[in-house]
Every structure is written in structure tokens, then in C-alpha cells.
*Asks:* 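Structure provided below as C-alpha cells; questions to follow.
Since we're looking at a predicted model, the values are computed, not measured. Along the sequence shown, residues are numbered consecutively beginning with 1. Atom set for the values below is all heavy atoms of this structure, side chains included, hydrogens, waters and symmetry mates excluded. Just follow the structure's listing: the first ligand is 1, and inside any ligand the first atom is 1.
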Amino acid sequence: MKVRRSGKARLTPYSLAVSLADVPDRLKYLLPRKWETVGNIAILKLRDELRPYDEQVGSAYARALGAVSVFAVEGLISGEYRRPSLRLIYGRSGETVHHENGVDYVIDVATVMFSSANHDERIRMAALACEGETIVDMFAGIGHLSMPIAVHSAPARIIASEASYQTYRYLLRTIDANGVRDVYDAVNIDNRLLEVKGADRVIMGYLMNTREWLDAAIGMCRKGATIHLHEAVRRNAIDEWKESILSDYGMGRVAIRSVRRVKGYSALLDHMVADLTYNG
Ligand code: SAM
């Protein structure tokens, strides 16, 4: 017996975008096969040849991915506030809510960085045993790393400093979106001005000479506290990196409990995190 197939085979989002994009056929092979989505916003890396067709490409990917806005990457995330460099090619704005692991992040992707590649680290943070702890998030962003703890791990208190006012405003909205105002205190200051003592855990999610802040982190800790130190480390030089932490903060002040690779950061560097114990 013959089985009659009904309807067309389903197109992948990429094939759909290619079929929808009103760009010359000779350029279609340049359309991106990968993209990042944050909430209902898509972010594409576009080749320069497609620049005259921003609008057509933006609208094709918006339809193919069900995105309300589409951005093209202009340059690297830069500066002390880690500001993205994106250009809007479809839609009105970069504001969205990104849902991940039961956490709602309120964000403007055009002004606040969000790394999809840090996903596993955010999941790891949510699974840490932090019940009753006082936690400091020194480089809070929109609570990328500490909001999962606030939502899932019943800490006593989280004190989060975010130096950029623009990002801080989204942090406040993220706190409200997750209903964690009772445990989460956000402050719009440079973390070196924090006056915290006796913290159980300090999160240092920043990759710009993070080591320079380690003294300040240690100063906030109780004996036995955990510090999550994020650094950009030369690939395959993990042992050297561990030795350099211990030689800078050795003599028993800190011990390295574990290290893990968060993601590739550049051609030569990996984003690593070391979980340290402050020995007092
Ligand atoms: N910690 C989050 C993560 O790892 O995904 C956010 C990372 S984002 C790269 C770092 C954030 O730290 C930025 O929002 C930046 O504005 C903020 N920041 C940089 N220097 C700071 C300082 N001295 N005090 C407080 N916040 C700072």
C-alpha cells in the first residue's frame, strides 16, 4: 500500500530565512547559519557584503526565528561597563525578557551584555548550596550569576554592585521580575566602595584584570568563605594560572578548590573560573 505524504517538508529556520531574504542570489550563501537569541531578540554576525541589505536580512530572520527585533554585531563588547556594539536591523529596540532556568532577565541587548555561552555557569550557580548565605556579587550586571542563586537557593541576602547606571536599571527590573526584593540588595556603585564584612561567598564575574579586585573580595569574606574568581587564561596553561593565583595569594590565604572552563574567550584565551576558599 502506498502512503501519500501530505504537505511540504518543514524548513529549518536557516532555510526559511534564506528563502525569505530579498537579497541577490549570489550573496545568499553569506547569510548566517548561526545566531544568538536573547529573549525574543536575534543577534546575527553579518558579512560586510550584506550590509546594503540590512533591512531585508533583518526582516527575513525576524520572520524565520519569530524575533521582534534583530541586531547585527558591529564590534566587540568593550569598556569597563562591557557595552555591546550592535546595530538594529529590524524592529524597534533591544529590550526583552530572557527566560532561562526559571529566571527572568530583563535586558536591553543593545546596552547590556548577555553571553549565551555562559549558560552552563549560570546553571551551575543555581545548583550551589547557598542556603542562608550572605553573598556579594561584585560585578552584578543584571544579576547574570547571582539571580539564579536568589531564585533557586534560598540565600539570606545578596548584595550586588553594578557600576553602570544603565545596567543597574535593568538589574532593578530583573529583581522585581523574579520577586526577590526581600533578599536581593542592588547598589549602583563601584564595588571598591562596598562596606561588607563576613560574606560567605563572593562572585567576581568579570574578565578585565579581575585579579586586581581579589584583595577587595578577600576583605569582604569570613574565614572559610568561597570566592568565584573569573579570569581570561591562556589556553592550555591552567597549571601556570593556578600557580600564579597561589603565588599572589598564597601563604595559606586562599586555596583552590576547583577550576572549570566557562567558554573559549578568544583565539588564545579561555574564560575560566576558579572556586577559591579564603583561609583567613
Ligand atoms: N557578572 C556577570 C557575568 O559574569 O555574566 C556580568 C558580567 S559583565 C562582563 C560585568 C559587569 O560589571 C558590567 O555590567 C560592568 O558595568 C560591571 N562593573 C565593571 N567594573 C565594576 C566595578 N568596579 N564595580 C561594580 N561593577 C562593575
*Asks:* Looking only at heavy atoms, which two atoms of F139 and G205 are closest? And how far apart?
*Replies:* CB-O, 3.6 Å
*Asks:* Compute whether any side-chain donor of one residue and acceptor of the other, for S116 and E36, lie under 3.5 angstrom apart.
*Replies:* yes
*Asks:* Can you produce the list of protein nitrogen or oxygen atoms under 3.5 Å from a nitrogen or oxygen of ligand 1, alongside each distance?
*Replies:*
unit_1   : atom_1 : unit_2 : atom_2 : d
ligand 1 : 1 (N)  : F139   : O      : 2.7
ligand 1 : 1 (N)  : G205   : O      : 3.0
ligand 1 : 4 (O)  : G205   : O      : 3.4
ligand 1 : 14 (O) : E162   : OE1    : 2.8
ligand 1 : 14 (O) : E162   : OE2    : 3.2
ligand 1 : 16 (O) : E162   : OE2    : 2.6
ligand 1 : 23 (N) : D190   : OD1    : 3.3
ligand 1 : 23 (N) : D190   : OD2    : 3.4
ligand 1 : 24 (N) : N191   : N      : 2.9
ligand 1 : 24 (N) : N191   : ND2    : 3.2
ligand 1 : 26 (N) : A163   : N      : 3.1

*Asks:* With ring centroids as reference points, do Y105 and F114 lie under 6.0 angstrom apart?
*Replies:* yes
*Asks:* Which pair of non-hydrogen atoms, one from P13 and one from A64, has the smallest distance, and what is that distance?
*Replies:* O-CB, 3.4 Å
*Asks:* Any donor-acceptor pair under 3.5 Å linking the side-chain atoms of S244 with those of R211?
*Replies:* yes
*Asks:* Side chains of S146 and Y184 only: does a donor on one sit below 3.5 Å from an acceptor on the other?
*Replies:*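 Note: S146 and Y184 side chains meet the donor-acceptor criterion.
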